[in-house]
Engineer: 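Have a look at this one.
When a ligand or atom number is given, it counts from 1 through the structure's own listing order.
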Amino acid sequence: MITPPETQTPLLDHVDMRMVTADEPGNDWDRNSLVKLDPDHPGFRDQDYRARRNAIAEIAMRYRPGSPIPAAPYTDLEHGVWRTIWEALGPAHREHACAEYLECIRLLNFDSDRIPQLDEVSRKVEAISGFRLEPVAGLVQPRVFLESPARGIFLSTQYIRHHSTPLYTPEPDVAHEIIGHAVTLASKRFAELNRLFGEAVTRARDASGLDRLSRIYWFTIEFGVLREDGKVKAYGTGLLSSAGELAEMHKAELRPLDLEAAENLVYDPTHYQAMLFCADSFDQMYEMLREYLRQKV
Ligand SMILES: [Fe+2]
């Protein structure tokens, strides 16, 4: 396994910047807004990587909803990144993932040696829960991202993180999307919660309503934990796609799941989460979140 450089520890590998800012008036981003690589992005100086990112971004920009998703041109190095991620995540999942997630992993039966193409993942997930994946070039407006599940669609990036840092990414990549989000969407109950999120966001007409729902999404869908057989297990996609954060999860302060509190809490997306909301059981989380989202106007 390749160790990330010291300056790029896997501390940030869960980061999902989509959740950080609510949409603002006058912001004209659309679902195909391109990610501009920062000078400190691991792939900034790799021209081949950047060319491949652009080619993959073009797939998203030309994509017509409902049609098959064209295959991304991953290299052997990039398939190696996927392999390294799975080598780290396999044992971490067995130890820390909730039963619902482990069952989804079993159903989807990924090849640990090769990045699955979005199209094949989407077909498998759709057959189970009706959810489809659609490619996006990079970051999209939080409202666009969070409303899509109302239509049974998860907007997914298709590029993979740079091969020099297989356990670190400063942005959501296909590993986070598939291992985190797509896997959970192979559960009918998770799929229902995602759909209810989309519907609640669609009803929230102002920025503060969207902000509150973004925080609930963060503390549940991204970073939720629950108790199972006396142990704390992860159901949040940000945790489940980060071996580093799963291993550190027990250090977080645990609070009983409280959605009224969560909707007003500010979180820090740049570090492992210092506090997690822990449900008493999967059923409690499912029912509490479902009721909250149904009633949210
Ligand atoms: Fe995410």
Engineer: Would you mind checking if Lys124 and Glu126 are paired as a salt bridge, meaning a charged N to carboxylate O distance below 4.0 Å?
Structural biologist: no

Engineer: Would you confirm whether Arg189, through its side chain, and Tyr286, through its main-chain N or O, come within 3.5 Å as a donor-acceptor pair?
Structural biologist: no

Engineer: State whether the side chain of Glu248 and the backbone N or O of Glu245 hold a donor-acceptor pair below 3.5 Å, judged by distance alone.
Structural biologist: no

Engineer: How wide is the angle at the Fe ion (ligand 1) spanned by His176 NE2 and His181 NE2, rounded to 10 degrees?
Structural biologist: 100°

Engineer: In Glu222, what N, O or S atom is nearest to the Fe ion (ligand 1), if we give its atom name?
Structural biologist: OE2

Engineer: Give a yes/no answer: is there an N/O/S atom of Glu177 under 2.8 Å from the Fe ion (ligand 1)?
Structural biologist: no

Engineer: Would you verify whether the NZ or CZ of Arg132 falls within 45 degrees of the ring axis of Phe154 while also being under 6.0 Å from that six-membered ring's centre?
Structural biologist: no

